[in-house]
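Structure record follows, encoded as C-alpha cells.
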Amino acid sequence: MSLIHAQELEKSFGERTLFSDIAFDVFEQDHVGLVGVNGCGKTTLMRMIAGQEPHDGRGQLSVSKSANVAILDQSPIWKQGLTLYEAVLEASGKWIDIERDLHAIADAIESEGASDTLIRKQADLQERYQRDGGLTYRARTRSTLLGLGFSEEELARPIAVMSGGQMRKAALAKILMSDADLLLLDEPTNHLDIASLEWLESYLSSFRGAFLIISHDRYFLDKVCGRIFEMESGSLKQYSGNYSQSMEKKMDEREFAMRKYKNTLREIKRIEGIIEQQRRWNQARNYVTIASKEKQIERIKSTLVKPEDEPQAIHFHLKADALTANEVIVCKDLSKRFGTREIFRNLNLMIRRDEKVCLLGANGCGKTTLLKILTNQVETDAGSYKLGSNVHVGYYEQGSVRSTDPRTILEYLNAAFPRFDTKQIRNLLGSFLFRGDDVFKRVCDLSGGEFARIQLLKLMLNGSNVLFLDEPTNHLDIPSCEALEDALGEYGGTMLIVTHDRYLANRIADRIIIMDEDGMRAFEGDWDAYKEFLAESTAPKEKETTTVKNDYLLAKERKSAVVKAKSALKRAEERVHTEEEILKSLEIKACDPEIACNFEAAKSVYEELGTQRLLVETCYADWEQAEIDLLALAEEEDD
C-alpha cells in the first residue's frame with residue numbers, strides 16, 4: 001500500500017524552479033533516504049508531504065488518510081513548566097488519556113457501584129491498554145531519551161533551559177514515541193554522538209513503519225535505508241539499496257548513458273561520412289541514398305539525449321609545509337575542569353608525523369576542549385603538552401559556523417590573505433561554489449554550510465603542516481564531504497580530527513582514539529576495523545575441543561587435501577579461460593555498429609558485459625585463492 005504518492009510535482013520560488021515533474025511512491029515499511037546538495041529542495045519537499053508547504057501547478061501529492069504522520073520539527077515549541085521527561089511523555093497522550101479514563105471509571109464504580117456498562121468499559125480499556133503497550137510507554141520514553149544521549153539527571157531538568165541541540169534531540173525522542181507509522185525526519189543525526197547514532201540506527205532498522213530521512217551521514221544511510229531518493233538538477237531519481245549501493249548504480253547508469261551518447265555521436269559521424277561519399281559520386285541513385293541517410297540521422301538525433309553533467313562540488317587541494325619533528329603532539333597527564341565539572345583527568349596522548357588520527361567520543365567528554373588547549377585558547381589545570389618544532393597548525397573550529405562579521409566574503413578573505421589579489425581570491429572562491437555576486441554576500445548572513453566552505457578555503461591557503469579539525473563535515477552536503485575527504489586523503493601532513501562521521505573515519509583514519517570517562521583508548525585502523533575488533537573481543541568464546549590422531553591418519557588427510565587442492569586449482573584455471581573467452585565475445589559484440597545504435601540491444605549487451613566482468617574477477621579471485629591454499633599445504637608437508 002502506498003502511503004505517499006507524488007506525480008508531476010513541482011515547486012518554484014520566484015523565478016527559481018527548485019524541482020519539476022517529480023514522481024515517487026513511499027510504501028508501508030519503506031525505509032527511504034532523501035539526499036542531494038544543499039539548497040536542492042529536500043526540506044521543501046518534506047514540508048510539502050507534511051502539508052506545511054503547497055505545491056505548484058498541476059502536480060499531485062497525496063498522503064494516505066490511514067497514515068499517522070509525524071515530522072521532526074526544526075524549531076519545536078514546548079509547553080512551559082515541563083521537565084524533559086514530561087515534555088516527551090506528551091507524545092504518548094493516548095495512554096495518558098486511557099489512564100485518566102480508567103481512574104474516572106474506578107472512581108465511578110466506587111461512588112455509584114459496579115454496573116455492567118462500567119465493568120465492560122473498564123475491561124475493554126484495560127485490555128487495549130495492556131495489549132498495545134500502555135504498560136511500557138513510560139519505560140520506553142525513558143529508554144529512548146537515554147538512548148539519544150541524555151543522562152538520568154537531565155530527564156528531570158526543565159525543557160525550557162536546555163540548549164537548542166538538546167531540544168532538537170528531545171523533539172526526535174518525541175517523534176519516535178508518537179506511535180506514527182510514517183516518520184518524516186530532517187537531519188535526525190544532528191547533535192548525536194557515536195553511541196546515540198548507533199542506538200538510533202538500531203531503532204530505525206527495526207522500525208515497522210515507513211520513514212523518509214534527509215541526511216548527509218552516509219554511514220547512517222547505509223545502515224538504515226533500503227531505498228534512496230536523490231534530488232539532482234531539479235529532478236528526483238530512485239535507487240534500490242542503501243546509499244553506497246545506490247551510488248554504485250548511479251555511476252553505472254551515468255557511465256552507460258555517456259557511452260551510449262558517444263557511440264550514437266560516432267554513428268551519426270559514420271553516416272555523415274557515407275553521405276559525403278555519395279555526394280562525391282554525384283549520381284541520381286546516390287541522391288536517393290543521401291536522402292535516406294539524412295532521414296536516418298534525423299531519427300537518431302531525435303532520440304539523442306546528452307547525459308546531465310554532475311552537480312557542481314567544491315574542489316581544492318591541501319598542501320602541507322615541511323615538517324621536521326617526529327613527535328608532533330605530546331600530552332602528559334592533562335586535566336581540565338570547568339567549575340565543579342571535571343572534563344578529563346590525567347590524559348596522555350602522542351601523535352607522530354604524518355599520522356591521521358580520528359578522535360571520537362560522547363558529547364561533552366572534552367574533545368573540543370582538548371583542541372582548544374592545544375591551540376592555546378584554553379588553559380589546562382594540570383599536566384603539560386607541547387607541539388613539535390616547525391609545527392604550523394591549521395585549525396577548523398566547530399563553533400565557527402556562526403559569525404557576526406559584517407564584511408563581504410571578498411573583503412574578509414582579502415584582509416586575511418593580502419598576498420593574493422582580488423582576481424585570485426575570486427577564482428579561489430569559484431572553486432568553492434561562490435560565483436558572481438555571491439562574493440559580495442556578508443559573512444554574517446552566510447548559512448552554516450556556506451561559512452564552513454569559507455573556513456575550508458582558509459585552511460587551504462594557510463599551507464599548514466598539522467591540521468586540527470573539529471567536526472569538519474558538519475553543515476556540508478555529501479558532494480562537499482567527498483571533496484573534503486579527497487583533499488584530506490592527499491594531504492601530506494599530520495591530522496587530529498574530532499568527528500562523529502564514521503564514513504570520514506573509514507576513509508581517512510589510520511588510528512582511532514576513543515575518549516571517555518576512563519581516558520583514551522587507541523586502535524590502529526579505521527572505524528569498521530575498530531568495531532570488528534570490539535565485536536570479536538566481546539563475543540563468547542567457544543569451548544576448544546582437542547582430538548588426538550595418529551601420524552598415519554594425519555599424513556593420509558594431508559595427502560588427500562593436496563590432491564583436492566591441485567584439482568581445485570586446475571578447475572579454477574580452466575574456468576578463468578572459459579569465462580575470459582565469453583567476455584571477449586561480448587566485447588566484440590558491443591562494438592557492432594548495429595547494436596551500438598539500438599538502445600535496447602546495447603543496454604542488454606552492456607548489462608551482460610558488466611555481469612561477465614564481475615564473474616571474471618570472481619574467477620580470478622578463486623584462482624588466486626586456490627594457488628594460496630595449495631602453497632600453504634605444500635609448506636605444511638615440507639615442515
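For the numbers below, each heavy atom of this structure counts, side chains included, while hydrogens, waters and symmetry mates do not. It should be emphasised that the depicted structure is a prediction, and the values quoted were computed from it without experimental measurement.
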* Report the distance from atom OG1 of T141 to atom CG of L89, rounding to the nearest 0.5 Å. => 5.0 Å

* Asked: For D25 and R227, which heavy atoms make the closest approach, and how far apart are they?
  -> O-NH2, 2.7 Å

* To do: Find the distance between CG (L413) and CD1 (I425) and round it off to the nearest 0.5 Å.
  => 5.5 Å

* Asked: Would D405 and R407 pass as an ion pair if we require N to O under 4.0 Å?
  -> yes

* Asked: Is it the case that more than 12 heavy atoms not belonging to D437 sit under 6.0 Å from its CG atom?
  -> no

* **Counterpart residues, side-chain hydrogen bond (donor to acceptor under 3.5 Å, both in side chains), relative to E53 (two or more places apart)** => K11

* Any V35 side-chain heavy atom under 4.5 Å of M231 side chain -> no

* Asked: Is any side-chain heavy atom of I454 less than 4.5 Å from a side-chain heavy atom of V443?
  -> no

* Basic-acidic side-chain contact under 4.0 Å: K301, E294 -> no

* Given D526 and R507, is the salt bridge (charged side-chain N to carboxylate O under 4.0 Å, His left out) satisfied, shown in steps? -> CA-CA 8 Å; D526 60 18; R507 284 199 63 183; over 6 Å; no

* To do: If a pair satisfies salt bridge (Lys or Arg N to Asp or Glu O under 4.0 Å) and one of its residues is in residues 201-219, list it, with sequence neighbours excluded.
  => E201-R502, D217-R502, R218-E485, R218-D501

* Pairwise side-chain contact, T499 with L469, heavy-atom cut-off 4.5 Å (strictly under) -> no

* To do: Tell me, please, which residues at least two apart from N363 pass side-chain contact (heavy atoms from CB on, under 4.5 Å).
  => D193, H500

* **With sequence neighbours excluded, residues passing side-chain contact (heavy atoms from CB on, under 4.5 Å) with T368** => K372, Q398, D470

* To do: Could you please spell out the steps behind the side chain to side chain contact (heavy atoms under 4.5 Å, CB included) verdict for L428 and L457?
  => CA-CA 8 Å; L428 289 165; L457 174 54; 4.1 Å; yes

* Structure fact -> Smallest heavy-atom separation, I175 atom then A70 atom, equals CD1-CB, 3.7 Å

* To do: Examine distances only and state if a side-chain atom of N462 and a backbone atom of G394 form a donor-acceptor pair shorter than 3.5 Å.
  => no

* Step through the shown structure and confirm whether more than 12 heavy atoms of other residues, nucleotides or ligands are within 6.0 Å of NZ on K223. => no

* Asked: How about K249 and S240: does a side-chain donor come under 3.5 Å of a side-chain acceptor?
  -> yes

* Asked: Could you state the interatomic distance from CD (E230) to OG (S246), rounded to the nearest 0.5 Å?
  -> 9.0 Å

* Asked: Are the side chain of D181 and the backbone of N68 linked by a donor-acceptor contact shorter than 3.5 Å?
  -> yes

* Sequence neighbours excluded, every pair satisfying ring pair (Phe, Tyr, Trp, His ring centres under 6.0 Å) that has a member inside residues 183-214 -> H31-F211, W199-Y203

* Only counting residues at least two apart or in another chain, list the ones meeting side-chain contact (heavy atoms from CB on, under 4.5 Å) with S292. => none

* Asked: Can you name the closest pair of heavy atoms from P472 and L504 and give their distance?
  -> CG-CD2, 4.1 Å

* Asked: Among all residues two or more places apart in sequence or in another chain, which pass the side-chain contact (heavy atoms from CB on, under 4.5 Å) test with A210?
  -> L3, V26, D30, L182

* Determine whether the side chains of S66 and S64 contain a donor N or O and an acceptor N or O closer than 3.5 Å. => yes

* Asked: Do R426 and R435 pass the side chain to side chain contact (heavy atoms under 4.5 Å, CB included) test, and can you show the C-alpha distance, the side-chain angles, and the key distance before you say yes or no?
  -> CA-CA 8 Å; R426 292 197 69 152; R435 299 185 172 94; over 6 Å; no

* State which residues pass side-chain hydrogen bond (donor to acceptor under 3.5 Å, both in side chains) with Q52; sequence neighbours excluded, sorted by chain then number. => R47

* Asked: So, the side chain of Q455 versus the backbone of A452: is there a donor-acceptor pair under 3.5 Å, distance only?
  -> no

Show which side-chain atoms of residues 14-24 pair as donor or acceptor with protein atoms under 3.5 Å away, not counting sequence neighbours.
unit_1: R16; atom_1: NH2; unit_2: G39; atom_2: O; d: 2.7
unit_1: T17; atom_1: OG1; unit_2: S12; atom_2: OG; d: 3.3

* Asked: Can you name the closest pair of heavy atoms from A91 and K174 and give their distance?
  -> CB-O, 3.3 Å

* Work out which heavy atom in I478 is nearest to a heavy atom in S215; give both atom names and the distance. => CD1-O, 4.2 Å

* To do: Just jot down the salt bridge (Lys or Arg N to Asp or Glu O under 4.0 Å) partners of E482, sequence neighbours excluded, or say none.
  => none

* Under the side chain to side chain contact (heavy atoms under 4.5 Å, CB included) rule, what do L45 and F229 come out as? Steps first, then yes or no, please. => CA-CA 12 Å; L45 177 59; F229 292 173; over 6 Å; no

* Asked: Heavy atoms, side chains only, cut-off 4.5 Å: are T264 and I300 in contact?
  -> yes

* Gap between atom OH of Y396 and atom CG of L459 - 0.5 Å precision -> 8.5 Å

* Indicate whether the side chain of D528 and that of N506 have a donor and an acceptor atom separated by less than 3.5 Å. => yes

* For E248, check side-chain hydrogen bond (donor to acceptor under 3.5 Å, both in side chains) against everything at least two apart and list the hits. => none

* Asked: Side-chain contact, heavy-atom cut-off 4.5 Å: Y412 with R442?
  -> no

* salt_bridge(E471, K367) N-O dist < 4.0 Å -> no

* Asked: If you round to the nearest 0.5 Å, how far is OG1 of T289 from CD1 of I274?
  -> 9.5 Å

* Asked: When you look at K441 and T408, which way does the side chain to side chain contact (heavy atoms under 4.5 Å, CB included) test go after all the steps?
  -> CA-CA 5 Å; K441 287 183 177 180; T408 66; over 6 Å; no

* Which atom of T43 lies closest to which atom of D186, heavy atoms considered -> OG1-OD2, 2.7 Å

* Does K269 come within less than 4.0 Å of E272, counting only side-chain N to carboxylate O? -> no

* Do L172 and R168 come within less than 4.5 Å of each other through their side chains, counting heavy atoms only? -> no

* Would you say the side-chain atoms of K169 pair up with the backbone N or O of L148, donor to acceptor, closer than 3.5 Å? -> yes

* Structure fact -> For K237, the side-chain hydrogen bond (donor to acceptor under 3.5 Å, both in side chains) test, sequence neighbours excluded, returns none

* Would you check if L212 and L183 make a side-chain contact, meaning some heavy-atom pair closer than 4.5 Å? => no

* Residue pair L456 / L484, side-chain heavy-atom distance below 4.5 Å -> yes

* Would you give the length of the straight line joining atom CG of L82 to atom CD1 of I159, rounded to the nearest 0.5 angstrom? => 8.5 Å

* Asked: Any donor-acceptor pair under 3.5 Å linking the side chain of N242 with the backbone of C225?
  -> no

* For E198, does its backbone N or O pair with a side-chain atom of S202 as donor and acceptor, under 3.5 Å? -> no

* Kindly indicate whether a cation-pi arrangement holds for R453 with F434, taking the cut-offs as under 6.0 Å to the six-membered ring centre and within 45° of the axis. => yes

